[in-house]
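Structure first, then comments.
Heavy-atom basis, side chains included; hydrogens, waters and symmetry copies ignored. Throughout, a chain's letter reflects where its sequence line sits, starting with A, and its residues are numbered from 1.
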2 protein chains.
Amino acid sequence: MKTIGKLAKELDINVETVRFYERKGIIVQPPRPDNGYRIYDKTHINQLKFILKAKALGFTLDEIASLMSMSGNCADVESMGLHKLELIREKIADLQRLEQVIQDMTNSCKANQDPNSCPIINSLN
Amino acid sequence: MKTIGKLAKELDINVETVRFYERKGIIVQPPRPDNGYRIYDKTHINQLKFILKAKALGFTLDEIASLMSMSGNCADVESMGLHKLELIREKIADLQRLEQVIQDMTNSCKANQDPNSCPIINSLN
DNA sequence: GTTGACTCCGTACCCATATACGGAGTTTAA
DNA sequence: TTAAACTCCGTATATGGGTACGGAGTCAAC
């Protein structure tokens with residue numbers, strides 16, 4: 001049973017962030033006694049830990065909301081994971097192409113003799 | 001000698017985007033005769049093409065502004081390219097780690113027998 | 001019992017990169 | 001000559017994921 005400040009400190013996130021997640025409907029509303037203060041228990045903490053881990057895996061907040069609403073239906077979750085995997089692989093391929101291009105460009109810089117004429121700039125012109 | 005609409009059409013970008021780049025100081029101000037209309041020539045077109053190509057390489061607008069102000073000093077440009085390369089490689093490594101994690105997770109989904117208990121969800125809890 | 005820390009709320013602001021809107025003035029084509 | 005198309009400007013909106021602010025109420029410690 002913690003107030004929002006304790007919760008935020010324990011999870012090392014901002015108080016405003018917790019309220020933000022609540023507004024977005026990503027976490028369930030905590031009970032609020034007469035004084036209006038939000039009271040969190042283990043359930044909320046676990047829910048927030050879930051969010052933080054999923055976020056670290058690259059899921060967006062909307063996706064995380066979906067994940068949490070799937071209530072453990074494995075096929076749905078797997079499908080979402082596979083979709084994410086596909087996007088990640090595309091992104092990797094994009095970046096690898098980009099890596100090659102920039103690598104080539106900087107190599108041609110190294111080979112260049114004239115410091116005031118840059119092959120990179122030239123190739124972009 | 002083109003007005004902004006022709007220019008935008010030729011480069012397949014939005015008129016507002018051209019004005020936006022001008023406001024950001026990324027492209028030079030075109031001359032503007034009595035009617036106030038911007039008049040672009042080949043120089044501006046080349047400048048915008050440069051921007052579009054650099055953007056496609058993943059440079060931010062601020063970085064592009066720097067690139068353009070380096071006036072071809074090769075060492076500076078190379079240094080910026082190498083820095084970008086480093087970031088790209090880090091990003092790739094991140095994504096590959098992520099790929100592995102999600103791959104493992106979806107595999108454990110496939111192996112799972114109970115449709116209402118998902119190993120992904122469980123591992124996040 | 002007072003002071004400082006905490007919480008409440010609504011709202012505004014931040015980043016980057018644009019895109020959209022509305023009203024007024026200008027040019028162009030039929 | 002007139003209507004459509006274009007341009008001007010300033011401002012607002014969008015995205016995603018938060019962060020900050022300010023005034024008011026509440027709680028806890030000394």
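Here the C1' atom of nucleotide dA5(D) and the CG atom of Asn35(B) are 15 Å apart, to the nearest Å. Between the CD atom of Gln29(A) and the P atom of dC8(C) there is a distance of 11 Å, given to the nearest Å. Rounded to whole angstrom, the span from the CG atom of Asp34(A) across to the P atom of dC27(D) amounts to 9 Å. The distance between atom CG of Leu61(B) and atom P of dC15(C), rounded to the nearest whole Å, is 14 Å. Separating the CD atom of Glu22(B) from the P atom of dT19(C) is a distance of 16 Å, rounded to the nearest angstrom. What separates CD1 of Ile39(A) from P of dT26(D) is a distance of 15 Å, to the nearest Å. For the pair Arg32(B) CZ and dC6(D) P, the computed distance is 18 Å after rounding to whole Å. The interatomic distance linking Lys6(B) (NZ) with dT27(C) (P) rounds to 13 Å, in whole Å.
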Checklist entry - Would Lys2(A) and Asp41(A) count as a salt bridge (charged side-chain N to carboxylate O under 4.0 Å, His left out) if you check the C-alpha gap in whole Å, the side-chain angles of each, and the deciding distance to 0.1 Å? => result CA-CA 6 Å; Lys2(A) 299 170 168 32; Asp41(A) 64 15; over 6 Å; no

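Side-chain N/O atoms of Thr3(A) include none lying less than 4.0 angstrom from OP1 or OP2 on dC6(C). For dG17(D), the OP1/OP2 oxygens have no side-chain nitrogen or oxygen of Thr17(A) closer than 4.0 Å.
Ranking dT19(C), dA16(C), dG18(D) by closeness to the Asp62(B) side chain, first place goes to dA16(C). Here the side chain of Tyr37(B) is nearest to one of dT19(C), dT27(C), dT17(C), namely dT27(C). Considering only the side chain of Arg38(B), dC9(D) comes nearest among dC9(D), dT17(C), dT19(C). Residue Phe20(B) places its side chain closer to dT19(C) than to any other of dT7(C), dT19(C), dT7(D). The side chain of Tyr21(B) sits closest to dA18(C) out of dC27(D), dA18(C), dG17(D). Side chain of Glu16(B), nearest nucleotide from dC8(C), dA20(C), dG17(D): dA20(C).
Take the nearest nucleotide of DNA chain D for Lys9(B) and for Asn14(A): the residue whose nucleotide is more 5' is Lys9(B). Nearest-nucleotide positions on DNA chain C for Gly5(A) and Phe59(B) put Gly5(A) closer to the 5' end.
In summary, Asp94(A) and Lys91(A) do not engage in a salt bridge, as defined by a charged side-chain N under 4.0 Å from a carboxylate O.
When the side-chain contact (heavy atoms from CB on, under 4.5 Å) test is applied to Asp104(A), the partners found at least two apart in sequence or on another chain are Gln100(A). With sequence neighbours left out, Lys9(A) forms a side-chain contact (heavy atoms from CB on, under 4.5 Å) with no residue at all.
In this structure, Arg19(B) reaches the bases: a heavy-atom distance under 4.0 Å links it to at least one base atom across the strands shown. Among the atoms of the strands shown, only primed sugar atoms or phosphate atoms (P, OP1, OP2) are found under 4.0 Å from some heavy atom of Lys55(A).
A donor-acceptor pair under 3.5 Å is formed between the side chain of Lys84(B) and the backbone N or O of Gly58(B).
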